[in-house]
Amino acid sequence: MGWIDTAAVARSPAGRSIEDLLGPRPRRQDLTGFDPNYSDIVDYIIRCTHRIWEEKNVGLCRSHYAPDCAIHTLAGPVTGVEAVVANTLATLAAFPDRSLIGEDVIWSEDAAGLFHTSHRIVSLMTHLGDDAFGPATGRRAQVTTIADCVVSENRIIEEWLVRDNAHLVRQLGLDPWTVARGQAEADGALEPSAHAWRSAEIARVREGQAMVVTPPVDHPAAGPTAMLERAVNDAQLGDAAALLSVSAEGFWPSGRRWVGRGGWIGAMNQLTSVLETPQLVIDHWAATALPHDEIAVALRWSMAGRHVRTGIYGPATGRELLVLAVSHYRLRQGRILEDITVFDELAVLRQLAGGLGA
């Protein structure tokens with residue numbers, strides 16, 4: 001995952017018009033095994049997403065996902081392309097006018113022909129059909145999602161999906177805690193083995209922390225990686241915040257916004273201070289060039305800890321908590337100007353309400 005000036009290979013969609021993004025262009029990157037209409041890996045992600053969601057060609061999932069693809073979410077794993085097709089159709093039935101705005105694709109080529117993409121999307125939609133959240137509300141919503149994908153020869157073989165679901169249900173006029181408690185009650189009727197993945201992930205974070213490989217010191221992701229690890233694992237929030245520009249802006253789940261180093265310290269402290277000895281691991285990093293001599297960095301990270309203090313998530317529950325998150329940073333001259341962090345806070349509440357297993 002070495003650092004290269006990716007602008008010379010596959011340009012970021014940031015600041016580009018939809019006409020530019022979807023216009024035809026010759027191939028400009030070695031994409032062995034990919035359909036000929038894709039010019040580079042960014043074009044692949046933007047264009048196939050448009051074809052599936054805006055053009056409603058949902059069956060294209062079968063040629064763009066591996067038959068046994070693994071999809072990871074904080075609400076539980078999903079396996080197989082037919083599950084992807086079914087979930088996409090169900091989402092479009094609930095939100096038939098859903099349109100997706102691709103804000104950025106941060107990528108790396110981790111081995112020859114093996115790409116990792118981190119695609120940040122803003123979805124605009126109207127809740128016109130019943131779904132897992134309840135009856136149709138007719139309300140408009142806007143929600144941020146980040147999809148981290150491993151891609152090879154035109155197919156997504158693994159994906160990590162994080163969406164700001166708590167913010168979404170609030171816009172639908174629903175109370176996140178009420179929705180989370182209903183989900184937790186349904187979880188209680190399932191076999192314990194259905195939730196074994198969560199225990200395994202918590203153990204991985206706790207036991208594997210010392211074995212994590214971090215980016216090389218000259219990689220743009222090295223600074224943000226050290227910032228998160230120092231803040232969570234060492235509880236040195238002030239030192240960690242030194243990488244942030246004094247005018248940095250943050251956009252976090254549930255519509256939380258912050259400005260400056262003090263804002264970031266406050267947001268991070270709210271998340272970690274309610275947990276007993278929280279531990280964080282960086283699961284993947286990537287960086288790509290942006291216009292104006294800026295760099296975009298994507299970090300996918302996991303955090304685990306026991307909920308032992310009253311705070312942002314209410315009274316202490318004593319429950320083990322797992323967080324799966326992706327952070328997109330915009331850097332200039334090594335300083336963080338913007339932090340867009342996404343995780344499913346509805347799934348966080350669901351765990352604290354007793355759901356997703358012991």
Side-chain angles (χ1 to χ4, degrees), residues 1 71-75 77 104 106-108 110 116-120 144-150 158-165 197-198 200-216 219-237 240-241 243-244 248 250-254 256 258 264-265 267-275 277-288 296-306 320-331 336 338-345 347-348 351:
M1 286 181 286
I71 313 296
H72 309 277
T73 78
L74 195 53
D104 206 356
I106 306 170
W107 64 274
S108 60
D110 296 349
H116 190 293
T117 63
S118 191
H119 183 199
R120 189 174 77 248
T144 298
T145 302
I146 299 179
D148 271 26
C149 296
V150 178
E158 193 164 13
E159 181 175 79
W160 292 260
L161 194 63
V162 293
R163 186 172 69 181
D164 191 357
N165 281 324
W197 65 270
R198 192 178 78 97
E201 275 297 288
I202 290 172
R204 180 184 71 86
V205 174
R206 290 196 178 283
E207 297 169 9
Q209 181 187 353
M211 297 181 287
V212 170
V213 178
T214 54
H219 193 283
T225 292
M227 180 181 75
L228 286 180
E229 291 177 337
R230 181 165 293 187
V232 178
N233 299 334
D234 302 331
Q236 297 183 35
L237 282 83
L243 186 67
L244 290 149
F251 304 86
W252 276 37
S254 296
R256 290 197 289 280
W258 54 260
W264 180 84
I265 289 172
M268 182 59 72
N269 187 55
Q270 278 190 321
L271 180 61
T272 59
S273 64
V274 301
L275 303 177
T277 58
Q279 293 175 297
L280 174 144
V281 295
I282 303 295
D283 296 316
H284 193 271
W285 68 85
T288 54
V297 168
L299 296 181
R300 188 176 75 248
W301 50 275
S302 302
M303 186 179 72
R306 189 176 297 277
E320 286 282 354
L321 180 64
L322 175 69
V323 176
L324 169 65
V326 181
S327 294
H328 280 189
Y329 301 103
R330 181 166 56 90
L331 283 68
I336 294 175
E338 183 178 63
D339 169 358
I340 301 174
T341 291
V342 181
F343 56 87
D344 184 353
E345 204 159 54
V348 169
Q351 293 176 77

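Position 1 is the first residue of the sequence; numbering continues from there. Please read all numbers here as calculations on a predicted model, not as lab measurements.
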Donor-acceptor side-chain pairing of [X] and [Y] below 3.5 angstrom:
X: Asp339; Y: Trp258; result: no
X: His72; Y: Arg300; result: no
X: His284; Y: Asp110; result: yes
X: Ser118; Y: Trp107; result: no

Gap separating the [atom1] atom of [X] from the [atom2] atom of [Y], nearest 0.5 angstrom:
X: Met303; Y: Asn233; atom1: CE; atom2: CG; answer: 10.0 Å
X: Asn165; Y: Ser254; atom1: CG; atom2: OG; answer: 10.0 Å
X: Ile336; Y: Trp264; atom1: CD1; atom2: CH2; answer: 8.0 Å
X: Asp344; Y: Leu324; atom1: CG; atom2: CG; answer: 9.0 Å
X: Asp104; Y: Arg120; atom1: CG; atom2: CZ; answer: 5.5 Å

Going by salt bridge (Lys or Arg N to Asp or Glu O under 4.0 Å), name the residues that satisfy it together with Glu338, two or more places apart in sequence or in a different chain.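 Once residues adjacent in sequence are excluded, the partners of Glu338 under the salt bridge (Lys or Arg N to Asp or Glu O under 4.0 Å) criterion are Arg330.
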
Would Val348 and Val323 satisfy side chain to side chain contact (heavy atoms under 4.5 Å, CB included), going step by step from the backbone distance to the final call? CA-CA 7 Å; Val348 169; Val323 176; 4.2 Å; yes

What do the steps show when you test Thr214 against Ile282 for side chain to side chain contact (heavy atoms under 4.5 Å, CB included), and what is the final call? CA-CA 7 Å; Thr214 54; Ile282 303 295; 5.8 Å; no

Can we say Glu345 and Arg163 salt-bridge, meaning some charged N sits less than 4.0 Å from an Asp/Glu carboxylate O? no

Less than 4.0 angstrom from a charged side-chain N to a carboxylate O is my criterion; do Arg198 and Glu201 meet it?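 Salt bridge absent between Arg198 and Glu201.
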
With sequence neighbours excluded, residues passing side chain to side chain contact (heavy atoms under 4.5 Å, CB included) with Arg306: Glu276, Val308, Glu320

Is there a side-chain contact between [X] and [Y], using heavy atoms and a 4.5 Å cut-off?
X: Phe343; Y: Leu271; answer: yes
X: Trp285; Y: Trp301; answer: no
X: Asp164; Y: Phe251; answer: no
X: Val162; Y: Leu74; answer: no
X: His119; Y: Ile146; answer: no
X: Pro224; Y: Leu243; answer: yes
X: Trp197; Y: Ile202; answer: no
X: His328; Y: Val297; answer: no

Heavy atoms only: give me the nearest [X]-[Y] pair and the separation to one decimal.
X: Ala147; Y: Glu159; value: CB-OE2, 4.0 Å
X: Ala75; Y: Ala347; value: N-CB, 4.2 Å
X: Ser302; Y: Arg204; value: OG-NH2, 3.2 Å
X: Thr272; Y: Val232; value: CG2-CG2, 4.0 Å
X: Arg206; Y: Ala304; value: NH2-C, 4.3 Å

For Leu299 and Leu228: C-alpha separation, side-chain torsions, deciding distance, then whether side chain to side chain contact (heavy atoms under 4.5 Å, CB included) applies. CA-CA 10 Å; Leu299 296 181; Leu228 286 180; 3.9 Å; yes

Member of Val342, Ile106, Asp148 meeting the side chain to side chain contact (heavy atoms under 4.5 Å, CB included) criterion with Val326: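 One option only clears the test, and that one is Asp148.
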
Hey, mind stepping through Ser273 and Met268 against side chain to side chain contact (heavy atoms under 4.5 Å, CB included) and telling me if it holds? CA-CA 8 Å; Ser273 64; Met268 182 59 72; over 6 Å; no

